[in-house]
Amino acid sequence: MPELPEVETVRRGLALKMTGRRIVHAELRRQDLRRPFPPMLARTLTGARVGRLRRRGKYILVELDDNGTLLLHLGMSGRITTGDASTPHATHDHVVLTLDDGTVVRFNDARRFGLIDYTRRGDEEAHPLLAGMGPEPLVPDFDGRCLAAKLAGKMTPIKAALLDQKVVAGLGNIYVCEALYRAGLSPRRVAATVTGARAERLAAAIRAVLNEAIEAGGSSLRDYVQSDGELGYFQHRWAVYGREGEPCPGCTCAEGVRRVVQSGRSTFFCAKKQR
DNA sequence: AACAAGACCTGCATGC
DNA sequence: TGCATGCAGGTCTTGT
């Protein structure tokens, strides 16, 4: 589920529920996800008041009033839902927070590729998980020049390069496929050859697809964190992802959308439109 | 240094 | 129905 648009949708939903609230109880139903939780996590959370919720790439940063910041990553299957105490624990609810208004926040992650860490305020960008992360694609100065600079010298396919969080923060398999399709660039193209007008097209496509997805998530996922973590309706707007064999929008090629595997991950594209 | 493959986990769809 | 297989929105580690 979680690439940048989904993480941003979750962040917005959580901010509405959590900002300004105090955590009155923190239940750790296991002590690790992808890695062990930081020591004393339950004690750190209990009694803390929640400040701003920010996002960096696919991480949600929850500021606490103890001069610390919680780092949350949803991995592949992570979900954060809110409800109240009447909801019984679900399988894979690993962390359950109760807020001072009775709201219950649950971090559920079947595959446990997610992660929770804690760092001191002001040190976030230096945290090993965030240090070296590439530019945020939705900030105003992210453009073709910025993107081309990150791709310079890379002989790997552009598909693989865009999945590297050091190149652009927050992209994942779906939105990389979609952005390359919109930009008309082959996923197999050598990354370093994406310069000039091609880089501008790709940067614009990345921004457009992410913004549209956030909007779509924002409307149908308004209550996402109260729900079962279903996708927003943007999945219905995928042009190529998950559409092997189907015709791509407005294209007359006989072959339709192709699927290939690059660095172990499925890539969906149109060989006619993408060069 | 750069890149690809492997590993980490569970759940689900598919096919026999 | 049961079982095996392959696939999944990520990324850290290992090996070439």
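Atom set for the values below is all heavy atoms of this structure, side chains included, hydrogens, waters and symmetry mates excluded.
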Base, backbone or nothing for each nucleotide of nucleotides 6-13 of chain B, written B, S, -, heavy atoms under 4.0 angstrom, 5' to 3'? --BBBS--
Heavy-atom donor-acceptor pair, A:Asp93 side chain to A:Arg106 backbone, under 3.5 Å: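 Judged by distance alone, no pair lies under 3.5 Å.
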Using OP1 and OP2 only, check whether a side-chain N or O of [X] sits under 4.0 Å from [N].
| X | N | result |
| --- | --- | --- |
| A:His73 | C:dG10 | no |
| A:Gln165 | C:dT11 | yes |
| A:Lys58 | C:dT11 | yes |
| A:Ser77 | C:dA8 | no |
| A:Arg265 | C:dG10 | yes |

Which whole-number value in Å describes the distance from [X] [atom1] to [N] [atom2]?
| X | N | atom1 | atom2 | result |
| --- | --- | --- | --- | --- |
| A:Asp164 | B:dA1 | CG | P | 15 Å |
| A:Leu33 | C:dC12 | CG | C1' | 15 Å |
| A:Leu163 | B:dA4 | CG | C1' | 13 Å |
| A:Leu130 | C:dT11 | CG | C1' | 14 Å |
| A:Leu72 | C:dG10 | CG | C1' | 15 Å |
| A:Leu115 | C:dG10 | CG | C1' | 11 Å |
| A:Tyr241 | C:dA8 | OH | C1' | 7 Å |
| A:Leu162 | C:dT11 | CG | C1' | 16 Å |

Under 4.5 Å between any side-chain heavy atoms of A:Phe268 and A:Arg243, yes or no?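 The answer is no, as the side chains (C-beta and beyond) never meet within the 4.5 Å cut-off.
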Can you find a heavy atom in the side chain of A:His73 that is under 4.5 Å from one in the side chain of A:Leu33?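 Result no, sub-4.5 Å side-chain heavy-atom pair not found.
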Interatomic distance, A:Arg56 atom CZ to A:Leu130 atom CG [nearest 0.5 angstrom]: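 Separation between the atoms: 7.0 Å.
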Using 0.5 Å steps for rounding, measure from the OG1 atom of A:Thr193 to the CZ atom of A:Arg189.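 Reported value, rounded in 0.5 Å steps: 4.0 Å.
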What does A:Pro5 touch in the nucleic acid at a heavy-atom separation under 4.0 angstrom: a base, only the sugar-phosphate, or nothing?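 Nothing, no heavy atom under 4.0 Å.
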Say we look at [N] and [M]: how far apart would their [atom1] atoms be, to the nearest angstrom?
| N | M | atom1 | result |
| --- | --- | --- | --- |
| C:dC12 | B:dG11 | P | 24 Å |
| B:dC9 | C:dT14 | P | 14 Å |
| B:dA5 | C:dC7 | P | 15 Å |

Of all the nucleotides listed (B:dC3, C:dC12, C:dA8), which has the minimum atom distance to the side chain of A:Tyr59?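 Closest nucleotide among those given: C:dC12.
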Output every pair passing side-chain hydrogen bond (donor to acceptor under 3.5 Å, both in side chains) with a member in residues 38-52 of chain A, not counting sequence neighbours, ordered by first then second residue.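 Applying side-chain hydrogen bond (donor to acceptor under 3.5 Å, both in side chains) to every pair that reaches into residues 38-52 of chain A, excluding sequence neighbours, yields A:Arg52-A:Glu63.
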Bracket string, DNA chain B, 5' to 3' - pairs by Watson-Crick or G-U geometry under 3.5 Å, | interstrand: .|||||||.|||||||
ILVMFWY cluster, A:Leu202 and A:Tyr241 together (side-chain gap under 4.5 Å):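 Yes.
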Indicate if A:Tyr59 and A:Val95 have the same hydrophobic cluster label, given that clusters are the connected sets of ILVMFWY residues with side-chain heavy-atom separations under 4.5 angstrom.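 Different hydrophobic clusters.
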Among A:Val176, A:Val260, A:Leu162, A:Leu180, which residue meets the side-chain contact (heavy atoms from CB on, under 4.5 Å) test with A:Pro187?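 Exactly one pass, corresponding to A:Leu180.
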What do you reckon, is CZ of A:Arg237 surrounded by more than 12 foreign heavy atoms closer than 6.0 Å?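 Buried by this count: over 12 neighbours within 6.0 Å.
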